[in-house]
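Take a look at the structure below.
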Number of protein chains: 2
Amino acid sequence: MRTIEWKDGVVITIDQTKLPMKEEHVEIKTCSEMADAIKTMKIRGAPVIGVAAAYGLALTAYHSRAQTTENLLVEIESCAELLRKTRPTAVNLFWAIGRVLNKAKQVHGNLENMVNAVVDEAQRMANEDVETNRKIGENGAKLIEDGDGILTHCNAGCLATVDYGTALAVIRVAFEQGKHVRVFATETRPLLQGARLTAFELKRDKIPVTLITDNMVGYVMSKKLVSKVIVGADRIVKDAIINKIGTFTVAVVAYEHSTPFYVAAPKSTFDLTRLSKDVVIEERSPEEVIFCGKQRIAPKGINVLNPAFDITPLKYVSGIICETGILSSAEFKKLAA
Amino acid sequence: MRTIEWKDGVVITIDQTKLPMKEEHVEIKTCSEMADAIKTMKIRGAPVIGVAAAYGLALTAYHSRAQTTENLLVEIESCAELLRKTRPTAVNLFWAIGRVLNKAKQVHGNLENMVNAVVDEAQRMANEDVETNRKIGENGAKLIEDGDGILTHCNAGCLATVDYGTALAVIRVAFEQGKHVRVFATETRPLLQGARLTAFELKRDKIPVTLITDNMVGYVMSKKLVSKVIVGADRIVKDAIINKIGTFTVAVVAYEHSTPFYVAAPKSTFDLTRLSKDVVIEERSPEEVIFCGKQRIAPKGINVLNPAFDITPLKYVSGIICETGILSSAEFKKLAA
């Protein structure tokens with residue numbers, strides 16, 4: 001099954017906060033339920049939250065009782081505003097909302113046409129995401145050599161996308177091609193997407209995976225167990241990659257060990273109008289750090305930081321794997337300029 | 001109260017696995033109970049496990065029914081063997097056992113003298129540890145400037161020693177001197193000594209502390225929140241510092257940011273006869289990674305790594321703060337040669 005699916009006015013997804021203990025599917029029927037699912041990270045991962053937002057608008061259009069296209073557009077725009085407020089950092093969210101809104105605005109007069117335009121555009125985006133990821137996988141797999149040890153951080157797998165993944169698509173295609181790989185998945189505190197999701201989906205697909213804590217990155221690199229790093233991205237700006245907290249630490253350690261560090265992401269993640277200093281880095285609840293699952297791990301009243309993302313300057317990036325090919329940092333800079 | 005105390009043939013300590021949720025004192029009456037407490041990390045931290053091992057031998061001597069010094073020595077040596085098997089990496093354990101055994105061997109004929117020699121030597125080592133740490137604190141505090149942001153990893157505090165700490169002694173003395181400092185404590189997966197112990201003892205002493213996950217090290221350094229790193233050590237060999245897993249990752253990130261990286265440790269941690277490649281790095285149970293406290297966080301049957309320590313080459317070390325002063329890497333190398 002895809003991570004997210006549309007079925008007759010209902011969106012069906014897997015509650016990622018419950019994995020790997022429980023595979024629980026949830027039905028989302030309104031845009032406000034969708035906003036909540038994104039905010040609480042039942043749905044997470046830059047590419048899939050873009051599609052989820054598009055589906056959120058589709059739910060609004062599909063169930064609307066508006067009598068005119070003008071009124072429907074007002075409803076859709078108000079839902080778009082709600083969705084934009086869920087998570088500030090991943091650009092795919094804003095890109096997807098903009099794309100659906102544009103489609104809606106192109107329809108004039110015919111209500112049914114507008115509803116269909118919105119739902120169809122969301123469906124198209126879901127399908128495109130799968131195709132895009134397959135291409136990212138094929139492009140990136142050319143970099144993978146037999147025997148590679150590949151470190152990945154957080155989850156840039158099928159659960160972060162509609163299907164297949166970005167960083168994990170590269171690994172999946174290489175594995176399908178018969179290359180022997182060993183993946184090191186960092187657990188990715190505080191929400192443990194590496195331990196819960198990456199370990200889960202690679203193990204299910206029988207791709208050899210070893211789980212490590214985030215602070216073992218230096219250890220595995222010093223032991224020469226890692227020949228490449230591949231991560232996803234939430235936003236790629238003119239000067240940097242913005243991705244899950246911890247990515248920058250991994251990048252620095254890889255750089256010091258002369259280990260290539262690749263970013264796999266669709267072009268919808270590119271935000272070539274901004275510099276990293278202009279991007280809001282989401283700060284999430286302190287409770288995520290103070291607790292590990294339901295277990296309190298720190299004294300009451302302790303002060304914590306909880307930025308959800310960090311910034312990796314292009315200096316540390318060996319290449320960006322996207323659906324059209326692999327861009328070196330220099331090529332990306334040229335594109336951005 | 002000290003972390004560990006001797007009272008009439010009983011050793012009283014705090015169960016560090018239960019902190020900060022519960023402050024539970026345990027009474028240890030036999031050497032085998034002591035070995036178990038070290039192995040399960042009820043007692044942890046290189047300096048204090050040295051003293052704990054000495055007390056373990058003292059318990060054996062104190063409660064022995066041996067009728068001759070020869071027989072008592074056999075008993076003590078067999079307990080020493082048990083203690084040596086608890087944890088392979090921290091050198092203080094072996095140093096402390098050797099020191100007590102030497103004292104015992106110097107006594108001939110008089111059983112009571114031998115018992116007293118062993119118990120007194122263990123007591124002396126506990127007292128010396130406190131004095132040594134105070135001196136480490138005073139020496140290191142000279143490096144601390146008003147307004148410093150200090151990152152520390154794991155727990156090198158009073159709980160890792162008999163009292164006062166090593167890395168945290170430096171911070172304590174600077175704080176007592178009225179310098180304003182802000183400490184960043186990494187949580188230190190898998191066993192969370194940073195979140196559970198460092199956050200606990202600094203908060204109790206009203207020293208400003210902010211808890212971060214291990215993967216936020218790059219983030220706080222890139223934001224220029226950290227002006228110095230101070231960590232402890234489990235063993236300092238000719239070419240490297242061996243300390244809690246994650247130390248090397250912190251050191252590399254500090255190096256890349258030109259942030260001074262200091263190691264605070266007593267000279268009993270020096271092992272100038274060995275290179276890092278000759279030291280056994282303890283590999284602990286996979287369960288420590290698969291669980292966070294009592295909470296399972298990864299799929300069943302997942303492969304994991306769990307080295308308890310890593311190796312930081314001297315290249316990354318700005319200085320070693322010990323009881324006699326601060327050694328630069330170059331001075332340390334000279335000493336080791």
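In what follows, chains are A, B, ... by sequence order, proteins preceding strands, each numbered from 1.
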Between B/K244 and B/D234, does at least one N-O distance fall below 4.0 Å, as a salt bridge requires? no

Side chain, backbone, both or neither: which part of A/V250 has a non-hydrogen atom closer than 4.5 Å to chain B? neither

Need one label for A/F309: side chain, backbone, both or neither, based on atoms under 4.5 Å from any heavy atom in chain B. backbone

Chain B contact via A/K223 - side chain, backbone, both or neither, heavy atoms under 4.5 Å: neither

Report which part of A/Y316 has an atom under 4.5 Å of a heavy atom belonging to chain B: side chain, backbone, both, or neither. side chain

Which residues in residues 146-156 of chain A have a heavy atom less than 4.5 Å from any heavy atom of chain B? A/H153

Donor-acceptor pair, distance only, cut-off 3.5 Å: does the side chain of B/E283 make one with the backbone of B/N306? yes

Does anything in residues 194-203 of chain A get under 4.5 Å of chain B by heavy atoms, and if so which residues? A/A195, A/R196, A/A199, A/F200, A/K203

Toward chain B, the part of A/L192 with a non-hydrogen atom under 4.5 Å: side chain

Contacting region of A/E256 [heavy-atom separation from chain B under 4.5 Å]: side chain

Side chain / backbone / both / neither for A/F248 at chain B, heavy atoms under 4.5 Å: side chain

Which answer fits A/M21, side chain, backbone, both or neither, if we ask what part of it has an atom under 4.5 Å from a heavy atom of chain B? side chain

Of the backbone (N, CA, C, O) and the side chain (C-beta and beyond), which part of B/P20 lies under 4.5 Å from a heavy atom of chain A, both, or neither? side chain

